[in-house]
Amino acid sequence: MLELAGIIILGILAQWVAWRLKLPAILPLILIGIAVGPLSTLFTQDHEKLLEPVWNGEKGLFPGEALFNFVSLAISIILFEGGLTLKRNEVLNVGPAIIKLITIGSIITFFGGGFVAHYLFGLSWPISFLFSSLIIVTGPTVITPILRNIPLKKDVSTVLKWEGILIDPIGAVVAVLVFEFISIEKGQGYTQQALMEFGKTVIVGFSIGFSFAYALYFAIKKNAVPHFLKNVVVLSIVLGVFVLSEQFAHESGLLSVVVMGMVLGNIDLPNLKELLYFKESLSVLLISILFILLAANINMEDLYLIYNWNTLILFACVVFILRPLGVLLSTHKSGLKLNERLFVSWVGPRGIVAAGIASLFGTRLAIEGEPGAEYITPLVFMIVLGTVLLNATTARVFAQLSGVFLKKSTGILIIGASQVSRLIAKYLQRNGRHVVLIDSNKENVEKAKATGLDAEEANIFSEDLTDNVEFSDIGYLIAMTASEEVNKHAIIRFRKHLGENGSFRLITPEEMKNPEQASSEVLFSKKDDYINLSEVARDYPKINELKLKSKEHFLEEIEALNHEKDAIPVFIKDHTGELHIIAAYNDKMEIKEGDLLVYLGKPRELI
């Protein structure tokens, strides 16, 4: 009881520490596991682990293959959640550079890593390629914490973000297929019978995954499952699919749940976000328990296996040769500059999928007596820990040295994607600014995306909003919703993280009654709230520019516009093309001849 409670407490503590230090959670989890596992044998009086995952006759949590079965079921849930996040339209829209990264880059790592492992450690070709298949994945859980606080150009952060998201389930499928190929006739994978068994495994995995995905989809659409049971029913079906698939074809269970997740994530499943939130919470708990157990299950003998120079050479080849080679070839003629490509090649931490599946497959093959299988878990854990430590400690410095670090965050986040927000965002985008709109209204988000704007359906009260990697270059915050509460909350909640260079909101009806007492963060003018802006945008959906002669001319025009019903000042565009947001109570703006007054509404002649 003490050990089980301790694992959960230590796991959640590790997650909290990782959040506070802005590190990938897998780092403290594995370090804790190794500390209470193999390393503890160096200090305990009887040279036994403080935490023994497998029952050894006197001590341990799981008897026989129970640990293997628990790991299998936990990994199936984690991979199902990963499959849910893989969207077909996102794969098609992310651009050729990311597609090449998850194809060409993965192929280079797969074959290169296999060759290096084979010749350095004398592993068989199947085991070598199983190792290399496990290290092709990065994953959002390790990329996001590292990049979260590094201001980067949008293209760079987007490439790294989508590579991690897309390669997680794809890498899992590749690793599963390689493992299944090895498992059939214990690695004699070149006989006709073995190939037939391999084909059977693939067919069963895909068939059961597709079938149960659509069966569950129709059951939910027909309201056959009550809302309060939906999440737990899906969880039970995932576990059932895994077990059922295993009965039909050996080692096809993981493939089935990944396929099931990918199918459900790409059809119109009601309340998919709610299901994702549940699975994410469950995955956090499982990951917390799982990686402490897996790391603790490693023995000192396993660590001694890789305690040599060959391990360092392998790590160097993966990090300093294979990763840069894959990235540079994949991003050739992609539009990314050389320094940006070098930064992408530097940031490639391996994540949860690699470590989890490595332990699962390594343990299983070692039980079956496959030669060299004992190398899989320690080698992959070494790559995971090494890359996470390297990138967590050096990514910011390397970004500065390579010149991709943004000294000033110039991106703009607009809360609300109404018509007036879309008009202003489109103008900003045409003038070279990175703009992101967020709205809880799906229809508004879709309209924004249809015009080529970056838009996300999100809740402003969500705690996860600041975790978005693509917000790393956001320095200005504009709250333009119809809700006074939402606008004020956005300023208070996100001013520090997303609006350090300027945070603005619309004036409230109450402030319009006493304009002189209104906040200094009010946008545009003293007379235009959400209703006025919406009416002007409806009648005159156009952004106009008016050339200024002097500061006095600017003040005259502002005064004139403030008396107009059909025109609202929004920006000043200086002679360099830089845009400055107009605040209703800012009369200190420097104006030079040739600057432009940008306003929304009815075009008017220069006075």
Side-chain angles (χ1 to χ4, degrees), residues 2-4 6-7 10-11 13-14 25-68 70-71 74-75 116-117 120-124 127-128 130-131 134-135 287-316 318 350 352 354-390:
L2 178 63
E3 289 162 318
L4 286 172
I7 292 170
L10 285 174
L13 178 63
I26 194 172
L27 181 59
L29 286 170
I30 292 179
L31 290 177
I32 288 173
I34 291 176
V36 299
L39 291 185
S40 66
T41 61
L42 301 175
F43 308 104
T44 55
Q45 198 169 27
D46 52 3
H47 298 292
E48 291 188 356
K49 298 176 182 177
L50 291 175
L51 176 65
E52 182 62 72
V54 179
W55 180 264
N56 59 13
E58 298 179 1
K59 182 183 177 182
L61 293 175
F62 295 89
E65 292 192 8
L67 176 63
F68 171 79
F70 170 74
V71 172
I75 291 293
V116 174
L120 283 177
F121 292 92
L123 303 178
S124 65
I127 291 294
S128 297
L130 176 60
F131 162 76
L134 290 165
I135 62 168
I287 287 167
S288 302
I289 297 170
L290 193 60
F291 286 101
I292 291 179
L293 282 174
L294 293 177
N297 195 46
I298 297 175
N299 298 314
M300 284 303 298
E301 293 77 10
D302 299 327
L303 296 181
Y304 288 137
L305 278 175
I306 64 170
Y307 186 65
N308 52 57
W309 288 108
N310 286 342
T311 301
L312 189 60
I313 295 171
L314 175 64
F315 179 80
V318 170
R350 272 53 179 182
I352 283 165
I357 300 182
S359 294
L360 179 62
F361 291 171
T363 303
R364 184 56 184 263
L365 291 174
I367 291 173
E368 295 177 355
E370 184 69 28
E374 66 275 9
Y375 280 90
I376 293 293
T377 302
L379 281 179
V380 172
F381 269 57
M382 178 274 298
I383 295 292
V384 169
L385 280 176
T387 53
V388 170
L389 272 171
L390 179 68

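Looking at residues two or more places apart in sequence or on another chain, you find no side chain to side chain donor-acceptor pair (under 3.5 Å) involving S40. Residues that satisfy the side chain to side chain donor-acceptor pair (under 3.5 Å) test with N310, not counting sequence neighbours, are absent from this structure. Every residue meeting the side-chain contact (heavy atoms from CB on, under 4.5 Å) condition with L385, not counting sequence neighbours, appears here in chain and number order: L27, I30, L31, I34. For the ring pair (Phe, Tyr, Trp, His ring centres under 6.0 Å) test, no residue two or more places apart in sequence or in another chain qualifies with F315.
The two atoms that bring S124 and P371 nearest to each other are OG-O, 4.4 Å, heavy atoms only.
At least one side-chain heavy atom of I127 sits less than 4.5 Å from a side-chain heavy atom of L365. Contact check for F121 versus L314: side-chain heavy atoms found under the 4.5 Å cut-off. Under the 4.5 Å side-chain criterion, counting only non-hydrogen atoms from C-beta, I383 is in contact with V318.
In this structure, CE in M382 is found 12.0 Å from CG in L305, a value given to the nearest 0.5 Å. The line from CG of L50 to CG of L39 is 10.5 Å long, rounded to the nearest 0.5 Å. Rounding to the nearest 0.5 Å gives a distance of 9.0 Å between CD1 of I135 and CG of L379. With rounding to the nearest 0.5 angstrom, the OH atom of Y375 is 8.5 Å from the OG1 atom of T311. Between F361 atom CZ and L134 atom CG the span is 7.0 Å, to the nearest 0.5 Å.
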Report all side-chain donor-acceptor pairs from residues 287-300 shorter than 3.5 Å, counting only partners two or more places apart or in another chain.
from, atom 1, to, atom 2, distance (Å)
S288, OG, Q15, NE2, 3.1
S288, OG, V284, O, 2.6
N299, OD1, K49, NZ, 2.8

